[in-house]
Amino acid sequence: MEDIGKELEKVFSKGNYKQTYDAIVIEIMQDPDVKKFILENNDKINDKIIQNSFSKLYEFFIEKEKNQFNGYEPILFLNRNFIDVEYRPTEEFLLKQREQEKNNRIKAIEMPKDIKSASLSDFQIINEKDDRSQAFEESLQFIQSYTKNPSEYNKGLYLYGSFGVGKTYLLGAIANTLAKKGTNVTLAHFPSFVVAIKQSISDNTLTEKLNKIKQSEILMLDDIGADSMSAWIRDEVLGVILQYRMQEQLPTFFSSNFNMTQLEEDYLRISNKGDDEPLKAKRIMERIKYLSKEVPMIGINRRNS
Ligand code: ADP
Ligand code: MG
């Protein structure tokens with residue numbers, strides 16, 4: 001701001017002092033925002049106030065043009081007996097900031113990048129061949145009841161259906177909607193999360209990783225059932241996460257190509273070593289059922305469409 005005075009001096013020291021000064025005054029007084037401000041404060045402003053405030057009007061005029069205050073715009077206001085300038089964040093800046101805050105509330109583990117732009121309003125486009133309305137309705141219902149009463153237990157959703165129907169997209173859209181309302185959401189691509197968990201054994205971050213994920217306000221495990229799983233991951237990782245979330249009543253979502261019965265029989269029951277453990281599978285499945293409501297998603301494959 002100190003530069004304004006210097007700039008003025010520079011202008012006036014060029015000679016033609018009076019002429020230049022008058023030209024600037026005219027230009028500033030013709031600025032639509034200056035005009036509007038003076039008109040709006042007509043009853044409080046007189047010529048003397050305008051004269052005394054000229055350096056501030058000049059500052060306003062220059063800063064408005066330069067738009068140099070990244071994200072801030074100058075605003076005129078009446079400060080007792082002279083006109084002053086203050087700086088306020090622009091609409092655009094506030095929008096960007098809100099978007100940033102929203103994104104900070106979403107922790108995405110190995111999820112597609114475009115998930116942060118998934119939105120429920122885009123999801124509504126449903127054609128006749130495409131019945132995903134139940135999933136959509138259930139999503140809205142969850143959001144409504146969770147936002148209204150976050151401390152009450154809100155069951156998550158278990159979205160299942162074939163490849164490409166938009167399960168991951170819908171999880172992302174729910175996550176974005178919740179994050180905009182101030183909720184923290186962790187979205188993890190389950191098979192990749194498992195890989196990261198296995199790696200964390202060697203660098204001693206297993207407990208930390210496990211704690212973080214199990215404690216997240218809302219957890220979404222995407223694509224469960226897509227890999228083959230070891231008994232250790234099933235019982236000591238997935239089992240531990242689900243047990244904790246049940247105890248603490250934390251909302252948990254799943255997406256899978258399998259429905260709940262298939263997940264139990266074809267995924268949880270047989271370990272990657274070929275051991276058949278129906279009781280252990282059942283125990284995990286009971287937790288999943290406690291945490292989430294099974295919702296089918298039937299529709300066209302949206303990949304490459
Ligand atoms: P799934 O997880 O069921 O396999 P995805 O969520 O990955 O399916 O969706 C497949 C593709 O279609 C993705 O590229 C996704 O971004 C896109 N998609 C899904 N639903 C919508 C939608 N309602 N609007 C726009 N794009 C969508
Ligand atoms: Mg998916």
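In each ligand, atom 1 is the first atom listed, and ligand 1 is the first ligand listed. Hydrogens, waters and symmetry mates play no part in the numbers below; they use all other heavy atoms, side chains included.
Taking backbone and side chain together, Y169 holds no N, O or S atom under 2.8 Å from the Mg ion (ligand 2).
A salt bridge does not link E286 with K289: every distance from a Lys NZ or Arg NE/NH1/NH2 to an Asp or Glu carboxylate oxygen is 4.0 Å or more. E208 has a carboxylate O that lies under 4.0 Å from a charged side-chain N of K212, or vice versa, which qualifies the two as a salt bridge. Salt-bridge annotation for E59 and K56: present, with a side-chain N of the basic residue lying under 4.0 Å from a carboxylate O of the acidic one.
When each atom of ligand 1 is checked for a heavy atom of D122 under 4.0 Å away, the hits are 23 (N). Close contacts of ligand 1 with F163, meaning ligand atoms under 4.0 Å from a residue heavy atom, involve 4 (O). For ligand 1, the atoms closer than 4.0 angstrom to any heavy atom of G166 are 1 (P), 3 (O), 5 (P), 6 (O), 8 (O), 9 (O), 19 (C), 20 (N).
For D114, every heavy-atom contact with ligand 1 shorter than 4.0 Å involves the side chain, none the backbone.
Checked against a 3.5 angstrom limit, the closest N/O atoms of L170 and ligand 1 fall outside it.
In this model, a donor atom of one side chain and an acceptor atom of the other lie less than 3.5 Å apart for N176 and K102.
I143 and Y153 fall into different hydrophobic clusters, where Ile, Leu, Val, Met, Phe, Trp and Tyr are joined by side-chain heavy atoms under 4.5 Å apart, directly or via other members.
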